[in-house]
Amino acid sequence: MNRRDFIKTTGALSVAAVCSGLPLHSLWAAETAPVTPKKGGHLIVGMDNASSTDRLDPAFWFESYMYFVGSQLFNCLAEVDEQGKITPSLAESWESSDGSKTWVLNIRQGVQFHDGRTLTAKDVVYSLNHHRDEKSSSSVKGYLEPVVSLEATSPNQVTIKLKEPNVEFIALLSDVHFAITAENESFDKGIGTGAFILESFKPGVRTLVKRNPNHWNPARGHVDSVETLAMNDSTARVAALASGSAHIINRVNPRIVERLKNIPTIQLLRSRDSQIFTFPGLATAAPFNTLDGRLALKYAIDRQQIIKTVLGGYGTVANDNPIFPSSPYFAKDIPQRPYDPEKAKYHWQKTGFSGPLVLSVAEAGFPGAVDAGQLYQNSAERAGIPLKVERVPDDAFWDNVWMKKPFVSSNWSLRPTADALLSLVFTSNAPWNESQWKEPAFDQLVTAARGEQDEQKRRQIYHDIQVMLVEKGSEIIPLYADALDAASRKIHGFVAIPGFTMSGNRAAEKVWFA
């Protein structure tokens, strides 16, 4: 499987030119009083990570553009609310039994697809099985690997049986990839139950949708139409917002936030700790094949300096722990690993590694990866570690560099549960085990946590998991990065969802024009 690389387009107006000469007026998005949504208007959104190879099939969604477009057309069985809780969507309720090995989902009645067909349990079974097919390359295929049976046990009820307990299984089904379409229908037609109906889709260029008059949720879908433009260049996105040719944009560069605050027509939306920026080292290659090598490079990075310089302060120290602070299982008591060149030098000398050690970075890995790599090089040098930084092209980074070269840049967004991220990236058989670190004891802990019914015991298992990753894992995870989106002050309903960008990818259906 591939991960989508960032596609760079030519820039437009410079941010400095757009922002100069305007009065100081700091505006973070915040609605202090309830406002009644208004209907109407044409919403224009600028999004990055668009590609000419994009498809409407959720099995092929890898980055932000298609997450956002797909969420306009489709619904999932559950979703994440503004408090970070799992709430009903197309499944209006659910219950588990047999130690969380059997799940019964009650499908919402009276819901129509865009072509007029009525949603049934068979549509849900068909849509989920789309990811389970032997030939499927879906990134969420692994989430459904424990499923032993998936049946429509009544017209509006789905029963799922698992081979092992999973007390948070329903949370996995809130993942954006688990969109629902009609039985025997091609996802590429874009026929869903979402707040908008597809008008046109030009991959890598533009998507146009119109409001669904028969949408099942009256609290969503306020604008008449949405135009989502492919704007892969961050400067072009900001220029479009400042000039009024876009109403909402994603992924604002932290370095220009202070300048954007000076524009009274713009509001900024900050979703804290939404991504981890990582430097995975292949545990199958020196120096990462020794614990001393991994510890040396963990002590050799100045995390605070990277947050201050690269993120402008919009992030927090991650301490090589991939579990997000918003998780109920986040271990707050694990001591932060400081930048310590003496300890780094001590562990490095024990490796006997003579090099060369090359860190291959690209902005595709994460925004600011090149600058972060250079700061890492400087801090490692003070520890006597001869780290060299190789800047590689963004094009085909995920195909030719990631998981192939021994030390690279990468990033991960928050997943619905702690188990979802661990099973995707960090267990031995994880489909995207980018560090190739394999520890049977760790795998056993992840499996145990997944099925533990006692909340206190479960919390302790997750604590042990995090300790093991911090102490032994082969990923340097310096920070949690905030997501920074921006919108015109004409826009209302633009709210933060913990750990997610663009109002949980559903800004299009939540916002309206003042």
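Along the sequence shown, the residues carry numbers beginning at 1.
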Q. So among F324, Y314, F277, which one has a ring pair (Phe, Tyr, Trp, His ring centres under 6.0 Å) with Y480?
A. F324
Please name the pair of heavy atoms, one in [X] and one in [Y], separated by the smallest distance, quoted to 0.1 Å.
| X | Y | value |
| --- | --- | --- |
| K141 | E134 | NZ-O, 3.0 Å |
| F187 | I180 | CE2-C, 4.2 Å |
| D482 | G315 | OD2-N, 3.7 Å |
| S428 | N433 | O-ND2, 3.5 Å |
| I256 | V252 | CG1-CG1, 4.0 Å |
| K101 | E164 | CG-C, 3.7 Å |

Checking [Y] against [X]: is there a side-chain donor and acceptor pair closer than 3.5 Å?
| X | Y | result |
| --- | --- | --- |
| E475 | W437 | no |
| N214 | H114 | no |
| N411 | Q275 | yes |
| H177 | D175 | yes |
| N232 | N49 | no |
| S100 | R450 | no |
| Y65 | S51 | no |
| T159 | T153 | yes |
| E452 | Y462 | no |
| N253 | S234 | no |
| D273 | T316 | yes |
| Q72 | T228 | yes |

Before accepting this row, confirm whether a basic side-chain N of the pair [X]/[Y] lies closer than 4.0 Å to the acidic partner's carboxylate O.
| X | Y | result |
| --- | --- | --- |
| E145 | K163 | yes |
| K122 | E151 | no |
| R220 | E79 | yes |
| K135 | D133 | no |

Relative to each other, are the rings of [X] and [Y] parallel, tilted or perpendicular (30° and 60° limits)?
| X | Y | answer |
| --- | --- | --- |
| W61 | Y67 | perpendicular |
| W432 | W412 | tilted |
| W103 | F169 | tilted |

Counting only heavy atoms not in [X], do more than 12 fall under 6.0 Å of its [atom1]?
| X | atom1 | result |
| --- | --- | --- |
| D98 | CG | yes |
| K202 | NZ | no |
| Q456 | CD | no |
| R132 | CZ | yes |

Do [X] and [Y] come close enough that some side-chain heavy atom pair is under 4.5 Å?
| X | Y | answer |
| --- | --- | --- |
| T278 | F366 | no |
| V80 | T87 | no |
| L268 | V257 | yes |
| S200 | R206 | yes |
| L77 | L128 | yes |

To the closest 0.5 Å, what do you measure between [atom1] ([X]) and [atom2] ([Y])?
| X | Y | atom1 | atom2 | result |
| --- | --- | --- | --- | --- |
| S503 | L269 | OG | CG | 6.0 Å |
| I323 | L421 | CD1 | CG | 6.0 Å |
| D57 | M66 | CG | CE | 9.0 Å |
| L43 | I491 | CG | CD1 | 5.5 Å |
| I266 | I248 | CD1 | CD1 | 12.5 Å |
| L422 | D443 | CG | CG | 10.5 Å |

**Q.** Proximity of F513 and H247 rings by center, below 6.0 Å
**A.** yes
(Q) Using the rule given for side chain to side chain contact (heavy atoms under 4.5 Å, CB included), can you reason through W216 versus R108, listing the C-alpha separation, both sets of side-chain angles and the distance that settles it, and then say yes or no? (A) CA-CA 9 Å; W216 58 275; R108 191 177 299 276; 3.4 Å; yes
Q: Show your reasoning for whether side chain to side chain contact (heavy atoms under 4.5 Å, CB included) applies to L469 and F442.
A: CA-CA 8 Å; L469 283 169; F442 176 81; 3.6 Å; yes
Q: Run the numbers on N106 and N156 for side chain to side chain donor-acceptor pair (under 3.5 Å), then give the verdict.
A: CA-CA 6 Å; N106 300 307; N156 295 293; over 6 Å; no
Q) Can you name the one residue among R459, R458, Q466, Q460 that meets side chain to side chain donor-acceptor pair (under 3.5 Å) with Y329? A) R458
Q | side chain to side chain donor-acceptor pair (under 3.5 Å) partner of T193, the single match among N217, N75, N212 | A | N75
Q. Given the rule in the side chain to side chain donor-acceptor pair (under 3.5 Å) test, do H42 and S225 qualify, once you have shown the distances and angles that lead to the verdict?
A. CA-CA 5 Å; H42 178 65; S225 54; 2.6 Å; yes
Q. Step by step, would you call I197 with V209 a side chain to side chain contact (heavy atoms under 4.5 Å, CB included)?
A. CA-CA 5 Å; I197 300 171; V209 299; over 6 Å; no
Q) Should H492 and K38 be marked as a side chain to side chain contact (heavy atoms under 4.5 Å, CB included) after you check the CA-CA gap, both sets of side-chain angles, and the distance that decides it? A) CA-CA 9 Å; H492 282 253; K38 295 180 180 180; over 6 Å; no
